[in-house]
Amino acid sequence: HVCAVQLSSLLECTVNDCSIRIYNCSDIVNVNWYYNGISILPDADGYFHPTGSGVLKAVVVHSGSGPSILEKNIHLK
């Protein structure tokens, strides 16, 4: 599977603007999100609001195959 994490900006985002989405990924059963190794969920507005710089990780579970693991470094200004 070819998957990509789409952030509002690929290298940087602000505290108020960090939309997390998975693109170009087929047969998704579930996506588990982590920030600096801690399980996270987007807020009701569909955004994750990091409190500091870190590593965003998505573990994408596909039907009939192993997971895809995607990571992005986020640097807050």
Side-chain angles (χ1 to χ4, degrees):
H1 298 277
V2 177
C3 301
V5 174
Q6 177 68 41
L7 298 176
S8 55
S9 169
L10 292 178
L11 298 176
E12 298 178 359
C13 61
T14 66
V15 173
N16 294 324
D17 188 25
C18 198
S19 174
I20 50 178
R21 296 184 181 122
I22 300 289
Y23 287 98
N24 300 324
C25 212
S26 60
D27 302 327
I28 295 176
V29 174
N30 191 30
V31 179
N32 297 306
W33 293 98
Y34 301 90
Y35 197 67
N36 292 332
I38 298 170
S39 181
I40 62 166
L41 295 171
D43 288 342
D45 61 3
Y47 287 79
F48 167 62
H49 302 280
T51 57
S53 297
V55 177
L56 176 66
K57 178 179 178 180
V59 178
V60 182
V61 179
H62 304 274
S63 62
S65 66
S68 296
I69 298 174
L70 309 166
E71 292 185 343
K72 287 286 184 182
N73 290 316
I74 297 176
H75 301 283
L76 298 181
K77 292 182 176 185

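Side-chain atoms are counted along with the backbone in the values below, which use heavy atoms only and exclude waters and symmetry mates. Counting begins at 1 with the first residue of the sequence. Just so it is clear, the model here is predicted, and its values are computed rather than measured.
- In this structure, Val59 and Pro67 approach most closely via the heavy-atom pair CG1-CB, 4.0 Å.
- A 4.5 Å side-chain heavy-atom check between Trp33 and Phe48 finds every atom pair outside the cut-off.
- Atom NE2 of His49 is separated from atom CD1 of Ile40 by 11.0 Å, given to the nearest 0.5 angstrom.
- Pairing each heavy atom of Asn36 with each of Ser53, the nearest pair is ND2-O, 3.6 Å.
- Val55 shares a hydrophobic cluster with no other residue; no ILVMFWY side chain has heavy atoms under 4.5 Å from its own.
- Tyr35 places a side-chain N or O within 3.5 Å of a backbone atom of Gly52 that can act as its donor or acceptor partner.
- From Leu56, atom CG reaches atom CD of Glu71 across 9.0 Å, with rounding to the nearest 0.5 Å.
- Under the 4.5 Å side-chain contact rule for hydrophobic residues, Ile74 and Leu70 share a cluster.
- Contact detail for Ser63 and Val29: the closest heavy-atom pair is N-CG2, 3.3 Å.
- By the side chain to side chain donor-acceptor pair (under 3.5 Å) test, Asn32 is found to be paired with Asn30, residues two or more places apart in sequence or in another chain being considered.
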